[in-house]
Every structure is written in structure tokens, then in C-alpha cells.
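Got a structure for you, written out below as C-alpha cells; questions coming shortly.
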Amino acid sequence: MLDLEAVDLRIDGRDILRDITVRSDARRLAVLGRNGSGKTTLARVMAGLTPPSGGSIQIAGVDVTRDRRGALAAVGILFQNPDHQIIFPTVEEELAFGLTQMGMPETEVRARVQDTLAQFGKQAWSGAAIHQLSQGQRQLVCLMAILAMAPKVIILDEPFAGLDIPTSLHLHRVLDQAEAALVHITHDPRIIADYDHALWIEGGMVKMQGPAAQVGSAFEAAMIELGGRDDLTDLSR
Amino acid sequence: MLDLEAVDLRIDGRDILRDITVRSDARRLAVLGRNGSGKTTLARVMAGLTPPSGGSIQIAGVDVTRDRRGALAAVGILFQNPDHQIIFPTVEEELAFGLTQMGMPETEVRARVQDTLAQFGKQAWSGAAIHQLSQGQRQLVCLMAILAMAPKVIILDEPFAGLDIPTSLHLHRVLDQAEAALVHITHDPRIIADYDHALWIEGGMVKMQGPAAQVGSAFEAAMIELGGRDDLTDLSR
Amino acid sequence: MISLTSPVDTRAHSLPAGGKLLALCLASVALFAVRDVWVHLMAALSVLALYALPGRIFFVHGVRRLWPLWPFVAVILAWHVATGATQDGLLICLRMLSAVGLANLVTMTTSLSEMMAVLRRLLRPFGWLGVNLRAIELAAAMVIRFTPVLALKGSALTMAWRARSRRRAGWRVIVPFMVLALDDADHVAEALRARGGFDMDRTT
Amino acid sequence: MTTERSVAQIALFTALIAALGLIPQLTLAFGVPITAQSLGIMLCGTVLGAWRGFLAATLFVGLVALGLPLLAGGRGGLGVFASPTAGFALGFPFAAFVTGAVAERLRGFAIGWSAGIAALIGGVVVLYIFGITGLAIVLDRSISEAALLVTAFLPGDAIKAVLAGLITAALYRARPDAVASRS
Ligand SMILES: Nc1ncnc2c1ncn2[C@@H]1O[C@H](COP(=O)(O)OP(=O)(O)OP(=O)(O)O)[C@@H](O)[C@H]1O
Ligand SMILES: Nc1ncnc2c1ncn2[C@@H]1O[C@H](COP(=O)(O)OP(=O)(O)OP(=O)(O)O)[C@@H](O)[C@H]1O
Ligand SMILES: O=C(O)CCCC[C@@H]1SC[C@@H]2NC(=O)N[C@@H]21
Ligand SMILES: [Mg+2]
Ligand SMILES: [Mg+2]
């Protein structure tokens with residue numbers, strides 16, 4: 001599913017990602033890391049939105065950086081900040097956009113949009129103005145827009161950070177039922193305890209990689225250790 | 001500290017907040033509620049940013065809606081989305097602005113900015129361009145800007161949603177030491193278990209109010225109950 | 001954002017900004033009053049000499065900034081030569097070059113903050129009339145803030161578009177972009193209010 | 001409308017005019033550039049309304065005078081105001097004002113039309129009056145000779161007025177309360 005080979009990324013002469021190699025067929029992959037470690041940047045590279053300075057990327061067999069048409073069916077990405085994802089003024093337009101872009105006929109688009117809204121019990125939202133929704137509600141709109149497109153791999157950049165408990169639980173179930181493989185970015189190791197594979201990123205490099213339970217608990221221990229100290233010089237990079 | 005009396009808010013003919021009365025001298029007040037329940041709106045009203053359609057608000061004895069200068073020393077607010085809070089291009093300018101607004105002389109402003117950065121071990125950030133920071137890092141900048149102003153009441157709209165574990169733990173300690181009273185908005189009842197007072201908002205109204213442990217566990221039970229159902233009609237409003 | 005101040009420090013940098021601006025005004029009025037082509041030739045040469053004084057780098061830099069005027073010079077000269085009024089044409093060109101040259105000279109040797117200070121002094125009487133000077137100053141600072149932020153929002157929007165489309169965004173993002181910009185202005189406004197804003201002393 | 005919101009929107013539109021100057025311009029044979037900045041001026045009027053549009057354009061011209069390179073092609077500084085294009089630059093605020101004032105008076109029309117017509121009157125007619133006067137003074141030409149020169153801009157400026165109408169209408173649909181000439 002995921003095949004990253006020695007991926008590097010330099011911006012303005014600074015190494016943001018260095019030598020990231022991941023090869024995984026896991027249905028659920030977690031990416032753990034501290035603030036500023038490079039998770040979001042890695043997500044953008046995986047989605048083919050930022051071309052890497054070196055190395056190669058294949059998602060579900062597609063070279064996502066070059067083949068944008070193939071990438072659309074291969075990978076969908078939920079941005080960390082809903083404001084960075086929303087393009088249109090109403091929920092319906094936002095959900096319909098990706099589907100139309102995939103070449104789906106209009107009647108089918110409309111049906112799929114309604115289905116997706118119904119899946120989350122949000123039929124009432126279809127004509128709603130997105131900017132009047134709360135932050136968590138906007139985040140859910142972004143998620144639905146991705147799920148509607150049914151890509152083979154879904155990259156989620158901290159999807160639960162803004163969602164309330166019932167919606168999170170429901171989303172959990174939806175993702176469990178979904179056929180797509182997940183790449184779930186978070187700094188909270190508890191959420192991904194039952195995942196298959198995990199990647200711990202530190203300063204733009206892979207610090208540890210392996211079974212999620214193992215990486216998760218190593219990460220958690222290290223984080224609590226770090227947070228317990230009062231000497232904060234270690235905290236800054 | 002906090003005195004809200006029958007606060008109402010209508011926008012475009014829709015009731016967003018209804019009859020909210022809170023009178024509390026608690027040092028730590030939690031506001032719980034689902035997505036879209038009105039937490040952020042209430043925070044804005046408390047900070048004097050949105051004048052209510054009815055009722056009255058006093059924070060630390062100041063009528064924050066009318067007396068903006070007094071409000072500055074009385075209440076600081078951390079916005080839910082860091083991009084909505086940041087005004088200036090560099091970390092230093094962002095931190096300095098509020099202090100200058102309070103009428104602090106320039107040399108003192110500069111010293112205070114450096115102190116605040118040092119408190120979080122982020123001296124290296126002072127000249128940094130904010131747009132190059134990660135989302136969690138930007139959130140920390142916003143927090144430091146509020147803490148530097150040392151208001152009597154600090155309203156935090158989901159402060160931990162984007163922060164990593166060590167930074168959260170550290171922030172916990174800083175807030176514990178701070179003299180300010182806290183109003184902490186969240187949909188995660190575990191975070192606020194040790195708080196003094198809690199407010200559960202539902203559909204813009206107070207659903208329950210009382211000791212944090214009690215309100216928190218009632219809220220959690222209700223949320224898990226809701227999330228466990230597969231019938232989602234209750235989830236939409 | 002870079003301003004158009006010169007790359008090299010000159011003696012003119014230390015002259016008071018207000019004096020330079022006043023001198024510029026007087027010189028410009030004089031240039032438009034005089035109709036003798038020889039006087040204009042002398043004036044233009046003096047301006048050139050002023051540019052040469054601080055050395056080569058300054059001279060090259062300054063002359064390059066007069067370059068956009070060449071189409072005007074060409075059109076005017078061609079026109080006047082054709083109509084047999086070559087001297088008039090020369091006069092107009094020389095006058096234009098001297099006036100623009102002098103004005104650029106002031107801009108090049110005066111820092112942005114000095115200019116701001118002069119402007120502040122000029123605006124002070126309006127402050128007594130109730131004009132909100134702090135608002136003007138912050139507005140100017142915010143323009144400098146918005147310009148890179150707009151570029152950033154633009155690229156974020158293009159990325160959001162590309163994430164769900166195989167076609168390039170192009171003109172189709174113009175309206176979403178303007179909407180985003182308007183929303184950003186609203187957020188900045190609220191953030192300003194949260195930290196005092198402009199109406200602090202007014203009770204509304 | 002709070003003062004903060006006014007100031008933020010004014011600053012935003014000033015930045016927008018500046019950003020439109022980054023679109024590569026075409027300099028006509030006699031030295032005046034064809035620039036997208038006049039579209040920014042039109043939008044100032046149609047979106048912000050007469051007064052705030054005037055202030056946004058004034059702020060833009062003021063920053064140019066202070067020495068920021070905000071005009072098309074990275075030009076700026078006091079020299080601009082002694083050069084042949086000075087009339088256009090000085091006319092920007094008045095063009096924005098008239099655009100806004102006309103848009104506010106055409107409420108009877110559909111918003112796209114009222115904005116487009118206002119842009120044509122403010123952003124073309126009024127701006128040209130200033131521009132032509134400036135050209136005539138600096139180049140020592142008669143008004144009619146100078147007017148002949150600027151006809152070259154007409155096709156481009158007509159397109160910009162149409163764009164201003166379309167964009168304003170679309171903005172009104174998305175954020176009705178942000179379009180001052182209608183609220
Ligand atoms: N455009 C840019 N230019 C320079 N540096 C950048 C840029 N974008 C990101 N960075 C830097 O790259 C690093 C990684 O950023 P990234 O957003 O990927 O972090 P993250 O792991 O997603 O953090 P968070 O948990 O806070 O979201 C940060 O240190 C950031 O400062
Ligand atoms: N400007 C507005 N116009 C109309 N409705 C609005 C506006 N702003 C917010 N609302 C509505 O008010 C309700 C409360 O929004 P608010 O942002 O306060 O929710 P919240 O409790 O903070 O949610 P979240 O946990 O998702 O951040 C939402 O249903 C939202 O749709
Ligand atoms: O950049 C300047 O110095 C200001 C010149 C403005 C050019 C004017 S604006 C109206 C007309 N239409 C154009 O495309 N260019 C001119
Ligand atoms: Mg991130
Ligand atoms: Mg909220």
C-alpha cells in the first residue's frame with residue numbers, strides 16, 4: 001500500500017524530512033511525533049501535494065507526486081486545520097467538489113453527497129453555510145468530503161483533535177468498516193493502540209518503526225519522561 | 001470572578017445562547033459540551049468580543065462588553081484556531097502587541113516577551129516567522145501571548161487539542177502556578193476532573209452545573225451512551 | 001518587504017527627512033515654473049552629479065530606477081522632432097527626469113521609519129480633529145502583514161484544490177480566495193479586539 | 001461594523017491592490033503599464049463602499065509615497081508622483097470612492113450589474129480623468145492628445161469592470177454582510 005523510499009525534503013535550505021523509508025501493507029498505520037516533528041509535512045508529501053527533494057513515493061501503486069489523476073483515487077487527505085481544506089461556501093458544494101472532479105455524473109454526485117451526510121446523521125446540513133458551523137462541525141465536513149471520495153488510502157492529520165466523544169466513537173466505527181487503509185497522524189499514542197504498524201517521527205527522521213502497541217508505549221514513556229522534567233531546553237529544537 | 005446573568009445571543013434570528021446564568025468564584029471552571037453546542041460562542045461573549053442580545057456579564061468586576069480597556073486586564077482568550085488569533089508575522093511582534101496595547105513601556109515589553117519565551121524554553125523562536133511553525137507550535141505562541149499579558153481570568157478554548165504530551169504537561173504546571181482564574185473549554189471530561197466547577201452546555205443552554213467531578217462524569221456517561229448507539233438521529237441538531 | 005531605500009549609506013541619509021521633503025517640493029515647483037531649456041539642462045546635470053556623489057553602486061542603482069521612463073522620453077522626442085519643436089521636447093524630457101530623479105533621491109536616502117515620523121507629524125492636526133491616528137498606523141502595519149499571509153493562504157487554497165482535483169486550480173479559486181481573505185480580515189479584527197483594539201477609551 | 005473590522009478590511013484591500021501589482025504587467029509604448037491594480041481599485045469601491053474604499057486606496061497611495069515598491073513592476077517612492085503616471089496613482093482613491101458611491105446608488109439593479117456599472121464609471125471614467133490630466137501636465141500635451149493615448153487601455157479596463165461585477169456578485173453570494181455597498 002505505502003512505499004516511501006529514502007524521502008528527503010528541504011525547504012529554504014532546512015531539512016524538514018530526512019531519509020524516510022516506510023514500506024507497509026498495514027490497514028492501520030499510525031504516525032506519532034511531537035509538535036513540529038514533521039508529521040503534517042510527511043502527510044503532504046505522502047498525498048503527493050509537496051514534491052520531495054529526494055527519494056520516491058508510491059501509494060497503492062501510484063506515483064502520487066507525478067500522476068495526479070491516479071492519486072485522486074489512491075489517496076485522500078484530511079488536513080489538520082479545517083480552514084486549510086474548505087474551498088466552498090456550502091456543505092453540499094464542498095462534498096460534491098471532489099466527486100465531480102473524479103468525473104462522476106451529477107445525479108450520482110448528488111446521491112453520494114446525501115448518503116455521506118446520512119451516514120453521520122447530518123442530512124440537515126446539506127445547504128448550510130460552512131462558515132457558520134463550529135470548528136468541530138467544520139472538521140466533520142472535511143472528513144465527510146474525503147470519505148465520500150472513497151480513496152484506497154486515507155491520511156488523517158489529527159482527526160479527533162476537534163471532535164466530541166460521540167462523533168469520535170462513531171467515526172471510529174465508520175473507519176473500521178471502511179475498506180480504505182488508514183494513515184493516522186497523532187501525538188496521542190492511546191488512540192492508536194490497536195493499530196497494526198506505527199512510525200515515530202522526531203526532527204524529520206524516523207526514530208522508531210514497528211508494531212503499533214510497541215512503538216506507542218515507547219513513545220508514550222519517552223513523552224511522559226520529557227514532560228516530567230522542568231528543564232525545558234530539551235523541549236525546544 | 002465570573003458573573004453571567006441570563007445571557008442570550010441571537011444571530012440571524014437563531015438562538016445560539018439562551019438564558020445562561022453562571023456565578024462562580026472557582027479558580028478552575030470547566031465548560032463541557034458537544035460540537036456546536038455553543039462553547040466557543042460563550043467564550044467570545046465572556047471575553048467581551050460578541051455583545052449578547054440580552055443579559056449582563058461581569059468578569060473580575062469589569063463589564064467586559066463596554067469597558068474594553070478594563071477588559072484587557074480582566075480577561076484573556078485563547079482562540080480555538082491559532083490562525084484566527086495570530087496578527088503579526090513574527091513571534092516577537094505577536095507577543096509584544098498585547099503588552100504595548102496595555103500601555104507598557106517598550107523596554108519592559110521586550111523584557112517580558114523574552115521572559116515568557118524563556119518560561120517555555122523557546123528563546124530561539126523570538127525572531128521566527130510564525131507561518132513557518134507547525135500548528136501545535138503556533139498554538140503555543142498564542143498561549144504565550146495570553147500568558148504574557150497576565151489577565152485575571154484566562155479563557156482557553158480547547159488548549160490541549162493540538163499540543164503534544166510534554167508541552168501539555170508543562171502547560172498544566174504553568175497554569176497551576178498561574179494566579180489567573182481559568183475557564184477551560186473542552187469536550188474531553190477527563191482533562192478537567194480535578195477542576196472546581198463545571199458547566200455543561202447543550203444546544204446553547206446550561207444542561208447541568210456544579211462540582212466538576214460530578215458534572216464531568218455525568219457528561220462522560222451521556223456522551224458514551226450517545227456514541228454507542230448506531231441510530232444517529234440524536235446526534236444531529 | 002523591502003522598501004526602496006538605497007543599498008549604500010550616504011551623507012544625505014543623516015539630513016532631516018522633513019527638510020529633504022520641503023526642498024523637494026520647492027525644487028519641483030521651480031522646475032515646472034522655468035521654461036528655459038538651458039536651465040533645465042543644468043538642473044538635470046546637477047541631479048546626475050548628486051547621484052554620482054555617493055559612488056558607483058548608488059549611481060547605478062539610482063539610474064536603473066529612472067529606466068522605466070524611457071518610453072516617455074522616446075515618444076516625446078519622436079513627436080517633437082516630427083513637429084519641428086525639438087527644443088520643447090528636450091525641455092519636457094529633462095524636466096521630467098530631474099523631477100523624478102530628485103524625488104527618487106529623497107526616497108532612497110530616507111528610511112521608512114523617518115518617512116513615517118514625518119507623516120505622523122503632518123497628520124497630528126487631524127488627530128485633534130478626532131481622526132484615529134493609531135488606526136492609520138496599525139492599518140499600515142497590517143498591510144505589510146497581509147501581503148505575505150495572502151500569498152500563503154493562496155498556496156494553501158491551491159493545495160486544498162489539488163488534493164481533490166486533477167485539474168489545476170487557476171482562475172476558479174479567485175472567489176474562494178477573496179472569501180478566505182475577507183474571513184481572515186474578520187479574524188484579525190476579532191483578534192485585535194481581544195487585545196484592546198482601537199475603541200478602548202470609547203464606551204460604546 | 002466595529003472600527004477593527006473596518007481597519008482590517010481596509011488593510012486587506014490595500015494588500016490586495018499591492019498583490020495584483022505582482023501579476024506581470026504589459027508596458028505600453030508610451031510608458032503607462034496595463035495593470036490589474038485598477039481592478040483592485042474597482043473592488044475597493046464595489047465591496048468596501050465609497051468611504052472605506054477611498055481609505056484603502058489612499059493607504060495604498062500613501063505607502064507608495066513612503067517608499068514601498070507596491071506599484072506594478074515594483075515601482076514606488078516619491079518619484080512616481082512626478083512621473084507621467086502620477087495622475088492615475090493620485091486618482092486611485094477618487095476612483096474607488098466614486099465606484100463605491102455609484103454602487104450604493106444602484107441598489108435597484110442586480111448586484112453584478114450595479115457593481116460592473118459602478119466600476120465602469122469610477123474605475124474607468126473618473127480614473128481616466130485624473131490619468132489624462134496627469135499625462136497632459138507632465139508631458140505638456142493638450143487634454144485631447146493625452147486622451148488619445150489612454151484609449152489603448154479601454155479594452156482591458158472594460159474586461160476588468162466586468163470581472164469586478166462578477167467577483168462582487170460571487171462575494172455577495174458567499175458573504176452578504178461583507179459587501180458594504182449592499183448592507
Ligand atoms: N514552509 C516552511 N518553511 C520552513 N519551515 C517549515 C515550513 N513548514 C513547516 N516547517 C517546519 O517544519 C517542521 C515540521 O512541521 P510540521 O507542520 O510538519 O509539524 P507537525 O509534526 O505536523 O507538528 P504539529 O503536531 O504541531 O502539527 C516545523 O519545525 C516547522 O517549523
Ligand atoms: N455566525 C454565526 N451565524 C450563525 N450560526 C452560528 C454562527 N456562529 C456559530 N453559529 C452556530 O452556533 C452553534 C455553536 O457554535 P460554537 O462555535 O459556539 O460551537 P462549539 O461548542 O464551540 O463547538 P466545537 O466543539 O465544534 O468547537 C453552532 O451550531 C453554529 O452553527
Ligand atoms: O503604476 C502606476 O504608476 C499607475 C498607473 C496605472 C495604470 C493605469 S490604471 C488605468 C489604466 N488601465 C491600465 O491598465 N493602466 C492604466
Ligand atoms: Mg501538524
Ligand atoms: Mg468551539
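Throughout, protein chains are lettered first and strands after them, A, B, ... in sequence-line order, and every chain is numbered starting at 1. We use all heavy atoms of the structure for the numbers below, so side chains are in, but hydrogens, waters and symmetry mates are not.
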*Step by step, would you call B:Gln132 with A:Ile11 a side chain to side chain contact (heavy atoms under 4.5 Å, CB included)?*
CA-CA 10 Å; B:Gln132 293 193 343; A:Ile11 302 181; 5.8 Å; no
_What's the separation between atom CG in A:Asp164 and atom CG in B:Leu226, rounded to the nearest 0.5 Å?_
8.5 Å
*Any donor and acceptor pair, going by atom type alone, linking the side chain of B:Asn35 with main-chain N or O of A:Gln135 inside 3.5 Å?*
no
*Among A:His187, A:Glu225, A:Met223, find the residue that satisfies the side-chain contact (heavy atoms from CB on, under 4.5 Å) test when tested with B:Pro166.*
A:Met223
*asked:* Need one label for B:Leu140: side chain, backbone, both or neither, based on atoms under 4.5 Å from any heavy atom in chain A.
replied: neither
*Which atoms of B:Gln139 come close to chain A, meaning under 4.5 Å heavy atom to heavy atom: side chain ones, backbone ones, both, or neither?*
neither
*asked:* What's the separation between atom CG in A:Asp83 and atom CG in B:Asn81, rounded to the nearest 0.5 Å?
replied: 5.0 Å
*Please determine, among B:Ser168, B:Ala222, B:Gly162, B:Gly33, the option with the most heavy-atom pairs under 4.5 Å with chain A.*
B:Gly162
*Measuring heavy-atom distances to chain A, does B:Asp12 have an atom under 4.5 Å in its side chain, in its backbone, in both, or in neither?*
side chain
*Please report the closest heavy-atom contact between B:Gly36 and A:Ser134, naming both atoms and the distance.*
N-OG, 3.3 Å
*Might you point out which heavy atoms bring A:Ile165 and B:Pro189 nearest each other, and give the distance in Å?*
CD1-CD, 3.6 Å
*CG/B:Leu163 to CG/A:Asp188 distance, rounded to the nearest 0.5 angstrom?*
12.0 Å
*Quick one: what part of B:His172 sits under 4.5 Å from any heavy atom of chain A, side chain, backbone, both or neither?*
neither
